[in-house]
2 protein chains.
Amino acid sequence: MDFAKIELRQYLAKIKANRAKITPQRVEILNIFLNNKNDHFTAEEILVKLTSSKTGQATVYRTLELFCSIGILKKVIFKNDEISRYDLVDLNNRHFHHHLVCSNCGKVIEIQDDLLEILEEKIEKEYQFKVSNHELIFNGICSECKGSDINEP
Amino acid sequence: MDFAKIELRQYLAKIKANRAKITPQRVEILNIFLNNKNDHFTAEEILVKLTSSKTGQATVYRTLELFCSIGILKKVIFKNDEISRYDLVDLNNRHFHHHLVCSNCGKVIEIQDDLLEILEEKIEKEYQFKVSNHELIFNGICSECKGSDINEP
DNA sequence: CTCAGTGCAAACCGTTTGCAAACGT
DNA sequence: ACGTTTGCAAACGGTTTGCACTGAG
């Protein structure tokens, strides 16, 4: 739990560094992501989790966008539903992870593999294209769905 | 030009194979993609190109979705604008290509590299995840924008 | 002849915006 | 005190839908 506090502090520092203010709403939203690191929430899902407080939806959208612009969150869109989802950026990891999205149950698995470095180098040389970011999504069938019939999640 | 006709026939055959009808609207939309293979049109862009005929927007959306579902088009969403775009699938190429998206001018470069096969194999072994498709987008700065100042497209 | 496909306009829904009040620093 | 941030509700814009008409097979 103390570790979580230290982590939170890192993110708050990043907000301050961008001359944005620390508000209860922002801290609350940040904590939702910190406490659910394997999830990929939509704006609406965040809004639901905030029903106890009276945070408005505009604030949620504005906060999520702020966090993306300062590098705290990353927006991802899976082809399943095409809704914007947000994923906490690991401040201590240079590269963003990739996603395996199961076409059957919709589960999203994160992988940390970094084999793309080779590809990036090749692209920078061959196309003179300076890569700043990449996003890789694999669609397919996860191990749990493999044996079973094709059903909804 | 004859080659184009043969190509068109392949796609029309695919429509028939899916028990869908060949209508003037569908042929017209298909031809737009065949004649602009390097573009990634949005539904609206297609609609504009059809102003001469009186095709309705609902038809455009329904046709694009049909083409996706039968494997003639592939939907791609670039983070620049987040609008759905459509890319013709090469019926003779097993793997879909990848995209380099310039953060400065918005240009989209297609690359055919297939280094992902290695990664796919690794993923199938390590995660027991059967990959059926992948999508890889590199964001960065293209060669033309490299030297120049950062401007709009 | 029959049902899939079309056009139109209205509905949909995730997201954005304008503005006055409330708050962080 | 100042400029940010917030909440509300209305607007926005890409996409979908309902329905009667049309046309491909």
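Each chain gets a letter, A, B and so on, in the order the sequences are listed, and its residues count up from 1. Predicted model only: the values in this text are computed from it and were never measured.
Using a 4.5 Å heavy-atom threshold, the side chains of B:Phe67 and B:Leu88 count as separate. B:Asn133 has its side chain out of reach of B:Glu135: every pair of non-hydrogen atoms, C-beta onward, lies at least 4.5 Å apart. Put simply, the side chain of B:Leu50 reaches to within 4.5 Å of the side chain of B:Ile32, judged on heavy atoms.
As a whole-Å value, the separation of A:Ile83 CD1 from D:dT15 C1' is 13 Å. For A:Ile77 and D:dT15, the CD1 to C1' distance is 15 Å, given to the nearest whole Å. Between A:Leu47 atom CG and C:dT16 atom P the separation is 14 Å, expressed in whole Å. In this structure, B:Leu66 atom CG and C:dG5 atom P are separated by 7 Å, rounded to whole Å. Protein atom CD of A:Gln25 is 12 Å distant from nucleotide atom C1' of D:dT4, rounded to whole Å. Straight-line distance from the CD atom of A:Glu44 to the C1' atom of C:dC13: 10 Å, rounded to whole Å. Between the C1' atom of D:dT5 and the CD atom of A:Glu65 lies a distance of 14 Å, rounded to the nearest Å. Atom-to-atom, CZ of B:Arg62 to P of D:dT16 comes out at 11 Å; the value is rounded to the nearest Å.
Checked options B:Phe33, B:Phe78, B:Tyr86; the residue passing with B:His40 is B:Phe78 (criterion: ring pair (Phe, Tyr, Trp, His ring centres under 6.0 Å)).
Dashed line: the shortest gap from a side-chain N or O of A:Thr23 to OP1 or OP2 of D:dT6 is under 4.0 Å. Between B:Tyr61 and D:dT15, a side-chain N or O to OP1/OP2 separation shorter than 4.0 Å is present.
Ring planes of B:His98 and B:His134: tilted class, angle from 30 to 60°.
At the heavy-atom level, B:Gln57 lies under 4.0 Å from base atoms of the strands shown. Among the protein residues, B:Thr55 comes within range of the sugar-phosphate backbone only, with heavy atoms under 4.0 Å from sugar or phosphate atoms but none that close to a base.
Between B:Lys54 and A:Lys21, the one whose closest nucleotide on DNA chain C sits nearer the 5' end is B:Lys54. For A:Arg26 and B:Ser84, each mapped to the nucleotide of DNA chain D holding its nearest heavy atom, the one lying further toward the 5' end belongs to A:Arg26.
Counting only residues at least two apart or in different chains, salt bridge (Lys or Arg N to Asp or Glu O under 4.0 Å) contacts with residues 33-57 of chain B comprise B:Glu7-B:Lys37, B:Glu45-B:Arg85.
Fit an axis to the five pairs at each end of the helix from C:dC1-D:dG25 to C:dT25-D:dA1 and the two axes sit 40° apart, to the nearest 10 degrees.
Side chain A:Arg19 to base D:dG3: no donor-acceptor pair is found below 3.5 Å.
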